[in-house]
Participant: 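If you scroll down you'll find the structure; I have some questions about it.
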Amino acid sequence: MLSGNRHLAFLAALLPAILLRVLAMAGYRPALWFWADSFSYLEAAAAPAPGTFRPLGYPLFLAALAPAHSLALVTAVQHVLGVGLAVGVYAVLRRRGLPGWGATVVTLPVLYDEFLILLEHMIMADALFTVLVTAGVLVLSRRVVTSLSAGVGGALLGLAAITRTIGVAVLVLAAAHLLLRRTGWRPLAGLALAGALPLAAYATWMYGTSGTLGLTRADGLFLWSRTMTFADCSVIRPEPELARLCPTTPVAGRPAPAHWLWGPASPLAELRGDRNTLAGRFARAAILAQPGDYLGAVGGDLRGLLRWERTTARSASTKKTNPYWFPFGERPLKPSVRAVAEAYEGGPAATRIAEPYAGWLRAYQRVGYLPFPLLVPLLGGAAVLAVARRRHDALLPGTAAAVLILAPPFLAGFDVRYVVPAIPPACLAVGLAVADGRFHQRSMSRTARLRSARTLPCPSYGTQRATC
């Protein structure tokens with residue numbers, strides 16, 4: 001419970017963070033939309049079944065809230081989960097030895113990062129995924145991991161994996177973490193069983209509906225889109241059935257990987273048969289034939305981590321909508337997606353902007369974020385400090401954050417939205433790396449002495465009793 005003088009610093013930071021989320025709720029009603037992705041999630045929530053490109057974790061979350069017919073309820077729950085995550089990070093850091101002001105400073109990005117608030121206000125899986133993956137890591141970062149806590153952590157990471165498939169990598173990291181910590185076979189078994197249960201259940205469901213045993217049917221498609229930025233078929237020399245996937249645009253003029261996956265002029269539009277398998281075969285052939293170009297493309301994407309501004313600033317006159325900014329103007333929903341949005345909302349679902357609340361939030365978003373050129377050194381410094389101080393509990397959140405940042409450019413492409421979920425586990429890693437358990441012990445000893453002093457009886461002197 002966050003009360004008393006010991007938590008005043010955090011409470012003072014918590015209230016403005018809640019106010020920012022209230023501004024989002026008041027200024028952008030009922031929610032923000034992300035291109036076609038948001039509507040695909042709503043379609044899946046209306047008729048849940050494993051799909052091609054995305055696992056079904058977030059649509060099931062939407063389906064659970066669907067009876068209320070309120071997109072505002074969805075965003076409110078996501079905001080509450082985001083604030084609750086910050087409270088959880090703070091509480092763990094306090095228990096691990098950081099003073100109130102120190103734990104508060106480390107938690108500030110989780111409370112105030114504008115991109116986290118933006119994702120919480122979108123009909124997108126990222127906010128739920130961020131909460132699940134960080135909560136799982138929080139549980140597994142305890143000093144003593146029991147079979148019960150390992151099972152809870154594994155279940156959370158398993159649910160994160162069926163929300164966004166990159167969660168599978170974090171689950172594997174967690175198992176390796178317990179193995180290296182030598183926690184014993186019971187916690188490791190609890191983690192493995194609880195983490196595998198959601199994955200096995202979902203993969204079985206996928207197999208029953210599509211004949212494919214997995215979480216999606218698009219891993220090959222995403223990897224193929226990654227290779228389109230460098231693939232040279234004169235070097236690859238693909239098999240005849242794969243040659244149709246060769247790009248014809250010169251390398252210097254090729255667009256980002258996402259264009260090749262979703263663009264109408266993509267070679268995928270002409271492909272017949274098992275597109276995922278064929279695309280995966282082409283991608284693997286391209287990587288083996290051009291490993292240097294593959295690493296160069298990944299490195300080029302990772303240069304986005306050197307940008308101080310996460311996205312290009314724009315004005316109200318900019319015609320192109322930037323999905324990573326709170327919008328300046330209202331836009332009607334396209335007829336192709338309006339029906340599914342209004343069915344879920346039970347009425348008009350286009351984003352309505354209310355001033356001055358939206359304007360205050362737009363002003364904040366220009367400065368209210370942790371720049372990536374600071375995030376990356378902080379994460380690297382936390383790893384070095386954790387190893388030097390033998391704070392092995394900081395390694396799991398640190399490596400989890402690193403995987404969330406580094407894996408997407410290898411598997412699909414760089415996107416700001418893929419990096420932002422790494423912020424909470426990175427903050428946790430920093431806090432655990434610098435925490436001093438002796439401070440916690442001294443604080444607890446002092447608290448115990450004060451409690452004892454309050455409960456001791458007053459000494460008596462003959463027939464007179466002293467005033468205490």
Participant: Are the side chains of M206 and R217 in contact, using a 4.5 Å heavy-atom criterion?
Facilitator: yes
Participant: What class does the angle between the rings of Y364 and Y112 fall in, given that below 30° is parallel, 30 to 60° is tilted and above 60° is perpendicular?
Facilitator: tilted
Participant: Can you confirm whether W33 sits close enough to L71 that some side-chain heavy atom of one is under 4.5 Å from a side-chain heavy atom of the other?
Facilitator: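 A side-chain contact exists here, since the closest heavy-atom pair is under 4.5 Å.
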Participant: So R95 and R143, do their side chains get closer than 4.5 Å, heavy atoms only?
Facilitator: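 They are not in contact (no side-chain heavy atoms under 4.5 Å apart), so the answer is no.
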Participant: Indicate the atoms forming the closest heavy-atom contact of P50 with L56, along with that distance.
Facilitator: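 In terms of heavy atoms, the two residues are closest at N-CD2, 4.0 Å.
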Participant: Is there a donor-acceptor pair under 3.5 Å between the side chain of R391 and the backbone N or O of A435?
Facilitator: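 A pair under 3.5 Å: yes.
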Participant: Under the side chain to side chain contact (heavy atoms under 4.5 Å, CB included) rule, what do Y90 and L14 come out as? Steps first, then yes or no, please.
Facilitator: CA-CA 11 Å; Y90 170 81; L14 180 64; over 6 Å; no
Participant: If only atom types and distance count, is the side chain of R94 paired as donor or acceptor with the main-chain N or O of R6 below 3.5 Å?
Facilitator: yes
Participant: Main chain of T351, side chain of Y28: is a donor-acceptor contact present, judged purely on distance under 3.5 Å?
Facilitator: no
Participant: Is the closest side-chain heavy-atom distance between R54 and Y41 below 4.5 Å?
Facilitator: yes
Participant: Apply the test side chain to side chain contact (heavy atoms under 4.5 Å, CB included) to residues L118 and Q365: give CA-CA distance (whole Å), side-chain angles for both, the deciding distance (0.1 Å), then the verdict.
Facilitator: CA-CA 9 Å; L118 179 70; Q365 74 182 349; 5.6 Å; no
Participant: Minimum heavy-atom separation for A169 and V403, please, with both atom names.
Facilitator: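 What the structure gives for the nearest pair is CB-CG1, 3.8 Å.
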Participant: For R352, is there an ion pair with E330 - N to carboxylate O distance below 4.0 angstrom?
Facilitator: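 Result for this pair is no, no salt bridge flagged.
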Participant: What's the separation between atom CG in L116 and atom CZ in R21, rounded to the nearest 0.5 Å?
Facilitator: 7.5 Å
Participant: Between A412 and P257, which heavy-atom pair has the shortest distance, and what is it?
Facilitator: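 Residues A412 and P257, closest heavy atoms: O-CB, 3.2 Å.
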Participant: Rounded to the nearest 0.5 Å, how far does CG of L15 lie from CG of L111?
Facilitator: 10.5 Å
Participant: If every non-hydrogen atom of A175 is compared with every non-hydrogen atom of L188, which pair is closest and at what distance?
Facilitator: O-CD1, 3.5 Å
Participant: With no hydrogens and no angle check, do the side chains of T104 and T107 hold a donor and an acceptor under 3.5 Å apart?
Facilitator: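 Side-chain D/A pair, T104 to T107: absent.
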Participant: Sub-3.5 Å donor-acceptor pair from the side chain of T165 to the main-chain atoms of A161, do we have one?
Facilitator: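 No.
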Participant: Atom CD1 of I166 and atom CD1 of I405: how far apart are they, to the nearest 0.5 Å?
Facilitator: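 One finds 11.5 Å between CD1 of I166 and CD1 of I405.
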Participant: Once the angle between the rings of W325 and F328 is folded into 0 to 90°, is it parallel (under 30°), tilted (30 to 60°) or perpendicular (over 60°)?
Facilitator: parallel
Participant: Flag the pair R303 / F414 as yes when at least one side-chain heavy-atom distance between them is below 4.5 Å, and no otherwise.
Facilitator: no
Participant: Checking the side chain of T134 only, and the main-chain atoms of V131 only, is there a donor and an acceptor separated by less than 3.5 Å?
Facilitator: no
Participant: Would you say H121's side chain and L32's backbone share a donor-acceptor pair under 3.5 angstrom?
Facilitator: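 Looks like no, no N/O pair under 3.5 Å.
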Participant: Rounded to the nearest 0.5 Å, what separates atom CH2 in W360 from atom CG in L23?
Facilitator: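 With rounding to 0.5 Å, CH2 (W360) is 7.0 Å from CG (L23).
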Participant: Main chain of P409, side chain of R226: is a donor-acceptor contact present, judged purely on distance under 3.5 Å?
Facilitator: yes
Participant: With distance as the sole test, does E355 use its side chain to make a donor-acceptor pair with the main-chain N or O of G359 at under 3.5 Å?
Facilitator: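 Present.
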Participant: Which heavy atom of G51 sits nearest to which heavy atom of Y202, and what is that distance?
Facilitator: N-OH, 4.1 Å
Participant: To the nearest 0.5 Å, what is the distance between CZ (F372) and CG (L378)?
Facilitator: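 One gets 13.0 Å once the value is rounded to the nearest 0.5 Å.
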Participant: A side-chain contact here means heavy atoms from C-beta on lying under 4.5 Å apart; do L404 and Y418 qualify?
Facilitator: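 Counting from C-beta outward, L404 and Y418 never come under 4.5 Å.
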Participant: Is it true that atom CZ of R181 has more than 12 heavy atoms of other residues, nucleotides or ligands lying nearer than 6.0 Å?
Facilitator: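 Yes, the 6.0 Å shell around CZ holds more than 12 heavy atoms from other groups.
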Participant: Is E345 salt-bridged to R338, going by a charged N under 4.0 Å from an acidic O?
Facilitator: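 No salt bridge links E345 with R338.
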Participant: Is any NZ, NE, NH1 or NH2 atom of the basic residue among R142 and D393 found under 4.0 Å from an Asp or Glu carboxylate oxygen of the other?
Facilitator: no
Participant: Side chain to side chain contact (heavy atoms under 4.5 Å, CB included) between L140 and L157: does it pass, once the steps are laid out?
Facilitator: CA-CA 10 Å; L140 296 171; L157 293 179; 3.9 Å; yes
Participant: Taking the side chain from D113 and the backbone from L370, do they hold a donor-acceptor pair closer than 3.5 Å?
Facilitator: yes
Participant: Side chains of D37 and Y58: do they bring a donor and an acceptor to under 3.5 Å?
Facilitator: no
Participant: Less than 6.0 angstrom from the centroid, inside 45 degrees of the normal: does R310 satisfy that with respect to the ring of Y324?
Facilitator: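 No, R310 does not sit over the ring of Y324.
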Participant: Take atom CH2 in W262; do more than 12 heavy atoms of anything else shown fall under 6.0 Å from it?
Facilitator: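 Correct, the count exceeds 12.
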Participant: With rounding to the nearest 0.5 Å, note down the distance linking CG in L406 to CG in D301.
Facilitator: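 Interatomic distance, L406 CG to D301 CG, rounded to 0.5 Å: 12.0 Å.
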Participant: Identify whether NZ of Lys or CZ of Arg in R164 sits under 6.0 Å from the centre of the six-membered ring of F129 and within 45° of that ring's axis.
Facilitator: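 Yes, R164 lies over the aromatic ring of F129.
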Participant: With side chains defined as the heavy atoms from C-beta onward, is the minimum distance between L85 and E120 less than 4.5 Å?
Facilitator: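 Heavy-atom side-chain distance check fails, nothing below 4.5 Å.
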Participant: Is there a donor-acceptor pair closer than 3.5 Å between any side-chain N or O of R389 and the backbone N or O of A433?
Facilitator: yes
Participant: Would you say L432 and L395 make side-chain contact, with heavy atoms under 4.5 Å?
Facilitator: no
Participant: Check A86 against F10 and note the closest heavy-atom contact, atom names and distance.
Facilitator: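 Looking at all heavy atoms of both residues, the shortest contact is O-CZ, 4.1 Å.
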Participant: For R362 and I353, what are the C-alpha separation, side-chain angles and deciding distance, and is it a side chain to side chain contact (heavy atoms under 4.5 Å, CB included)?
Facilitator: CA-CA 11 Å; R362 288 195 301 270; I353 298 179; 4.3 Å; yes
